[in-house]
Amino acid sequence: MKRYHLTIAGGGATYTPGIVNAILNARDVLPLRKLVLLDNDAERVATMGGFIRLLLAEKAPEVELVITTDRRDAFTGMEFLFAQIRSGGLKMRALDEQIPLRHGVVGQETCGPGGFAFALRSIPDMLAIGEDVRRYAPDAWILNYSNPAAILADAWHKRFPELKSLFICDMPIVIELLVAATLGYRHADLAFDYVGLNHFGWWRHIWNPQGEDLLPQLRDHLLSERPLTLFQDEHVNADWIPTFERLRKSMRLFPEFLANTYLQYYYFGEEMVAHEDPHYTRANRVIDTREKAVFDECRRCIAAGSAADSFLCAGVHGDFIVDHARAILTNQPFRTTVNVPNRGLVAGLPADAIVEVHGQVTAHGVEAFGVGELPHFQRALMVQQNAYEQLTVEAALEGSYSKALQALTLNRTVPSADVAKRLLDDLLAANREFWPALR
Ligand code: G6P
Ligand code: MN
């Protein structure tokens with residue numbers, strides 16, 4: 001049986017154990033000959049690599065493990081690339097979140113000015129990865145989790161239309177799992193209809209096996225304050241619960257569809273700002289909790305010489321990306337949400353907008369399901385957000401200050417062009433070592 005060379009870009013990330021464990025669980029279809037952890041932070045990936053080395057020794061000793069900072073080493077001969085890079089690391093994520101808050105604007109990893117700053121750091125890094133995939137492994141499949149996903153997908157599809165790629169996000173599946181559990185169904189027994197942009201969309205229908213639409217039932221459930229059934233995952237902690245609870249408020253105001261949790265930043269900007277401490281945001285909490293716990297655990301296992309029964313390996317995140325690889329390898333259709341060029345899927349949006357819709361993944365890649373017409377409200381929000389996304393890509397590729405300013409001014413979280421300009425100048429000063437020069 002063929003064995004594969006799989007590389008994880010951002011191999012030092014805290015999600016790596018869950019992803020590797022999911023890969024090992026899928027060895028019936030995705031057996032590895034070589035696993036490469038690629039990261040530009042040599043120290044971090046060395047610690048993570050120490051843990052992964054133990055895991056492989058115990059579960060798959062036949063796999064060669066390579067830990068590297070060099071893309072040529074990582075990509076030559078590769079069949080799969082799982083990309084989960086975070087350009088600038090959590091240190092820059094903290095600034096992405098804190099700088100906007102100082103201006104009274106939403107401070108978030110992927111939404112608003114924080115997501116914009118992250119995009120300007122990530123686009124050059126993603127394109128450098130793409131150039132080297134084209135050079136060293138042009139037939140490889142690239143499965144991408146890196147954020148901000150829609151913006152990176154836009155830049156990627158324009159530059160590398162010939163590469164085989166899937167841009168995915170685990171938020172829709174996490175929400176779908178929450179909906180299924182809350183309504184007392186298995187996720188696999190429900191069919192979902194979702195449309196939007198990444199971190200910016202809505203479920204229009206939730207069908208059960210009898211073909212009934214469960215959206216009215218879900219609406220009643222949310223509006224009558226009955227409890228949500230959260231499950232064991234990274235998203236069940238004190239930081240995420242208010243986000244899921246706020247689905248009730250979105251539903252009360254806009255009851256026709258179920259909103260993606262990330263719409264809270266666009267619908268309820270003032271409330272989201274009021275809840276944050278500009279000196280200590282989600283990034284700081286991630287550094288002090290997940291980051292610390294994961295690397296402490298890596299070091300504990302390395303000292304003990306065993307990864308057996310470590311808590312590090314669980315999670316939807318890992319299983320979900322591997323489900324896509326499984327569908328590619330087996331040609332068994334897998335229904336999922338994907339970020340793809342629109343090309344008529346959603347009426348009223350540009351052909352090159354990256355939309356997030358359901359589709360079917362097989363050996364040939366993704367076949368996305370058409371959506372057709374949307375109500376004014378959702379379509380107009382998407383048109384505006386897409387224009388922000390495309391201008392962000394153009395600003396990065398052209399090195400254009402004025403496009404950057406237009407992008408930020410268009411983002412719904414930013415109240416005026418004056419605030420946009422102050423934000424842009426502050427973000428620029430903080431990101432000098434990462435952003436393309438803007439003129
Ligand atoms: C969800 C989103 C990801 C995002 C993550 C942040 O999983 O889909 O795109 O990066 O949340 O979670 P965190 O725990 O780091 O705040
Ligand atoms: Mn996401």
Side-chain angles (χ1 to χ4, degrees), residues 9-10 12-16 18-19 22 82-98 106-112 114-119 121-122 126 143-154 166-178 194 196-201 230-244 246-247 259-266 272 275-276 280-295 312 314-321 324 336-340 354-357 385 389:
T14 56
Y15 292 115
T16 296
I19 291 177
F82 288 7
Q84 49 162 357
I85 63 167
R86 180 179 286 290
S87 300
L90 286 167
K91 202 175 126 238
M92 291 309 295
R93 174 178 176 180
L95 292 179
D96 293 346
E97 294 169 352
Q98 293 176 5
V106 164
Q108 211 279 327
E109 173 200 18
T110 63
C111 301
F116 168 85
F118 191 16
R121 290 197 303 278
S122 305
M126 260 327 266
L143 275 52
N144 179 73
Y145 262 144
S146 316
N147 272 325
I151 293 176
L152 295 185
D154 181 341
L166 288 179
F167 281 72
I168 58 173
C169 167
D170 66 349
M171 197 75 251
I173 177 82
V174 166
I175 294 172
E176 290 178 5
L177 287 164
L178 165 82
Y194 176 87
L197 311 174
N198 179 241
H199 290 187
F200 199 98
L230 301 168
F231 48 90
Q232 213 38 57
D233 179 67
E234 299 93 21
H235 294 92
V236 180
N237 64 47
D239 273 357
W240 274 93
I241 288 170
T243 289
F244 291 118
R246 220 170 271 113
L247 289 174
N260 190 309
T261 45
Y262 279 97
L263 281 166
Q264 68 183 348
Y265 297 106
Y266 304 93
M272 302 314 294
H275 282 204
E276 289 292 347
Y280 194 81
T281 56
R282 174 70 191 152
N284 301 104
R285 286 190 291 276
V286 169
I287 291 167
D288 292 342
T289 57
R290 183 170 70 228
E291 185 77 1
K292 181 171 185 313
V294 168
F295 285 94
L312 286 183
V316 168
H317 198 83
D319 295 332
F320 186 58
I321 193 167
H324 293 77
T336 180
T337 45
V338 280
N339 291 275
V340 291
I354 300 294
V355 294
E356 190 171 70
V357 293
Q385 177 75 359
E389 290 175 350

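All of these numbers come straight from a predicted model, not from anything done at the bench. Remember, it's 1-based here, ligands and their atoms both numbered in the order they're listed.
- The closest protein non-hydrogen atom to atom 2 (C) of ligand 1 is Tyr262 OH, 3.2 Å.
- Listed for the Thr261 side chain is no donor-acceptor partner under 3.5 Å among the backbone atoms of Phe244.
- What sits closest to atom 14 (O) of ligand 1 on the protein, heavy atoms only, is Arg282 NH2, 2.5 Å.
- In this structure, Tyr15 and His317 have parallel ring planes: the angle between them is below the 30° cut-off, well short of the 60° mark.
- Glu389 contributes no side-chain N or O that, together with a main-chain N or O of Ala150, makes up a donor-acceptor pair within less than 3.5 Å.
- Residue, atom and distance of the protein heavy atom nearest to atom 12 (O) of ligand 1 are Trp240 CZ2, 3.6 Å.
- Side chains of Gln98 and Asn284: a donor on one and an acceptor on the other come within 3.5 Å.
- At least one heavy atom of Arg290 sits closer than 4.0 Å to an atom of ligand 1.
- When atom types are taken as modelled, the side chain of Asn339 and the backbone of Ile354 share no donor-acceptor pair closer than 3.5 angstrom.
- The closest heavy-atom contact to atom 7 (O) of ligand 1, among the options Val286, Thr261, Asp170, comes from Asp170.
- No side-chain donor-acceptor contact under 3.5 Å links Glu356 to the backbone of Gly196.
- Between Tyr266 and Phe200, the ring planes lie perpendicular to each other; the angle is over 60°, past the 30° to 60° tilted range.
- Nearest protein neighbour of atom 6 (C) of ligand 1, counting heavy atoms only, is Glu109 OE1, 3.4 Å.
- Taking any N or O of Thr110, backbone or side chain, none lies under 3.5 Å from an N or O belonging to ligand 1.
- Interface atoms of ligand 1 facing His199, defined by a heavy-atom separation under 4.0 Å, are 2 (C), 8 (O), 9 (O).
- Rounded to 10°, the angle that SG of Cys169 and NE2 of His199 form at the Mn ion (ligand 2) is 90°.
- For atom 1 (C) of ligand 1, the closest non-hydrogen atom of the protein is His235 NE2, 3.3 Å.
- Heavy atoms of Arg93 come nearer than 4.0 angstrom to ligand 1 in at least one pair.
- In this structure, Tyr145 does not count as a contact residue of ligand 1, since none of its heavy atoms falls inside 4.0 Å of the ligand.
- The shortest N/O to N/O separation between Asn147 and ligand 1 falls below 3.5 Å.
- Between His324 and Phe320, the ring planes lie perpendicular to each other; the angle is over 60°, past the 30° to 60° tilted range.
- Remark: of the listed residues Asp170, Leu166, Leu143, Leu143 is the sole one forming a side chain to side chain contact (heavy atoms under 4.5 Å, CB included) with Ile321.
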